[in-house]
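Below is one structure, written out as structure tokens; comments come after it.
It should be emphasised that the depicted structure is a prediction, and the values quoted were computed from it without experimental measurement.
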Amino acid sequence: MSSRHLARSIAMQSLFEWDFRGQPTAILPAMVEHNLSEFGPGLKETEFANDLVNGVIDNLPKIDELIVKYAPEWPLNQITIVDRNILRIGIFEMKFYGETPPKVAINEAIELAKSYGGPASGKFVNGVLGSIYKDMQPVEETPTIKPAQT
């Protein structure tokens, strides 16, 4: 497992715990630190894990708005805690982080969903993030054909 993948996994576990406990932001840094020492001793990407967690928290309203928009059949509170936080990390990396190529963010989120989510989690995460990615792409304009001048 690459160290960035492990850092994403630890970030997801920390956000899961935070969300499960009712989103107590004051103790979130301690949760992250505990999970880093428990699941990633010697991990070199601790700053990356912290960037993910802090970035998700700092952009939470915008991120959750995107989840609601791109998963309209699923109210936010009815998405499993695991899937919801995997989506949050994926959206943060795609839209706000700027250092991760969007396709890498999507692939990593799908892998987390397959490892930690339910049987349909990978497809669900892929569908939501894929739709966001599609809308991020510039629209190609159809060239206008000018009538020949006589």
Side-chain angles (χ1 to χ4, degrees), residues 1-140:
M1 177 182 303
S2 78
S3 61
R4 283 220 160 194
H5 184 76
L6 179 57
R8 284 182 185 93
S9 176
I10 292 169
M12 188 277 302
Q13 291 169 330
S14 301
L15 288 167
F16 174 92
E17 183 178 357
W18 163 82
D19 204 357
F20 182 79
R21 290 183 176 203
Q23 301 182 349
T25 307
I27 63 169
L28 184 57
M31 289 178 190
V32 175
E33 200 56 44
H34 169 76
N35 288 333
L36 283 167
S37 65
E38 182 73 22
F39 302 112
L43 179 68
K44 292 180 175 29
E45 297 287 348
T46 58
E47 187 176 331
F48 179 61
N50 280 301
D51 287 348
L52 293 176
V53 170
N54 294 327
V56 166
I57 298 304
D58 292 345
N59 295 285
L60 191 62
K62 294 174 191 169
I63 292 170
D64 283 354
E65 186 178 301
L66 287 168
I67 295 171
V68 169
K69 178 180 176 182
Y70 287 93
E73 301 295 319
W74 290 92
L76 190 62
N77 63 349
Q78 289 184 7
I79 299 172
T80 67
I81 297 173
V82 170
D83 292 351
R84 184 169 55 231
N85 286 291
I86 291 169
L87 286 171
R88 286 172 172 160
I89 292 169
I91 292 169
F92 169 70
E93 282 197 86
M94 287 173 55
K95 299 281 285 180
F96 302 99
Y97 192 56
E99 292 183 24
T100 307
K103 289 183 179 182
V104 172
I106 293 169
N107 287 336
E108 286 291 327
I110 292 167
E111 290 305 313
L112 287 174
K114 287 178 180 178
S115 296
Y116 296 100
S121 292
K123 289 180 182 179
F124 176 67
V125 167
N126 184 34
V128 174
L129 296 182
S131 295
I132 293 171
Y133 176 74
K134 181 181 169 195
D135 285 352
M136 289 171 58
Q137 301 311 302
V139 178
E140 291 185 29

**Spacing of T80 atom OG1 and W74 atom CH2 [to the nearest 0.5 Å]** = 8.5 Å

**Asked** Applying the side-chain contact (heavy atoms from CB on, under 4.5 Å) test to F92, which of L87, I63, T100 qualifies?
**Response** I63

**Side-chain donor/acceptor of S37 to backbone N/O of H34, under 3.5 Å** = yes

**Asked** Going from OG on S9 to CZ on F16, what distance comes out if it is rounded to the nearest 0.5 angstrom?
**Response** 12.5 Å

**Complete:** Exactly one of L52, I10, I57, V32 clears side-chain contact (heavy atoms from CB on, under 4.5 Å) with L15, and that residue is I57

**Message:** Tell me the closest heavy-atom pair linking A109 and L129, and the distance in Å.
**Reply:** CB-CD1, 3.4 Å

**Message:** Taking the basic N atoms (NZ, or NE/NH1/NH2) and the acidic carboxylate oxygens, is any pair closer than 4.0 Å for E17 and R21?
**Reply:** yes

**Request:** Apply side-chain contact (heavy atoms from CB on, under 4.5 Å) to the pair T46 and E33, showing each step before the final yes or no.
**Result:** CA-CA 9 Å; T46 58; E33 200 56 44; over 6 Å; no

**Asked** What's the spacing between E45 CD and E47 CD if we round to 0.5 Å?
**Response** 8.5 Å

**Spatial distance of atom CZ (R4) from atom CG (L43) [nearest 0.5 Å]** = 10.5 Å

**Worked verdict on S121 versus I86 for side-chain contact (heavy atoms from CB on, under 4.5 Å)** = CA-CA 10 Å; S121 292; I86 291 169; over 6 Å; no

**Fill in**
Between V82 and M12, the two heavy atoms sitting closest are CG1-SD, 4.4 Å

**Prompt:** Is a donor on one side and an acceptor on the other found under 3.5 Å between the side chain of N59 and the backbone of G55?
**Reply:** yes

**Asked** Do Y116 and D83 have side-chain N/O donor and acceptor atoms under 3.5 Å apart?
**Response** no

**Request:** Could you grab the distance from atom CD1 of I67 to atom CD1 of I91, nearest 0.5 Å is fine?
**Result:** 4.5 Å

**Request:** Compute whether any side-chain donor of one residue and acceptor of the other, for E108 and H5, lie under 3.5 angstrom apart.
**Result:** yes

**Fill in**
When every non-hydrogen atom of A105 is compared with those of G90, the smallest separation belongs to CB-O, 4.1 Å

**Asked** Do F96 and K62 pass the side-chain contact (heavy atoms from CB on, under 4.5 Å) test, and can you show the C-alpha distance, the side-chain angles, and the key distance before you say yes or no?
**Response** CA-CA 10 Å; F96 302 99; K62 294 174 191 169; 3.8 Å; yes

**Message:** Can you confirm whether Q23 is buried at CD, in the sense that more than 12 heavy atoms of other residues, nucleotides or ligands lie under 6.0 Å from that atom?
**Reply:** yes

**Item:** CG on D19 to CG on N85, rounded to 0.5 Å
**Value:** 4.5 Å

**Asked** Using 4.0 Å as the upper bound for N to carboxylate O, is an ion pair formed by R8 and E93?
**Response** yes

**Prompt:** Does atom CZ of F20 have more than 12 heavy-atom neighbours, drawn from other residues, nucleotides or ligands, at distances under 6.0 Å?
**Reply:** no

**Asked** Is there side-chain contact between W18 and P24, with heavy atoms separated by less than 4.5 Å?
**Response** yes

**Complete:** Nearest heavy-atom contact between G122 and I110 is O-CG1, 4.1 Å

**Message:** Out of the candidates K95, E99, M94, only one should pair with Y97 under the side-chain contact (heavy atoms from CB on, under 4.5 Å) rule; please name it.
**Reply:** E99

**Prompt:** Could you walk me through whether Y70 and D135 pass the side-chain contact (heavy atoms from CB on, under 4.5 Å) check?
**Reply:** CA-CA 10 Å; Y70 287 93; D135 285 352; 2.6 Å; yes

**Request:** May I ask you to decide whether R88 forms a salt bridge with D64, counting only side-chain N to carboxylate O separations under 4.0 Å?
**Result:** yes

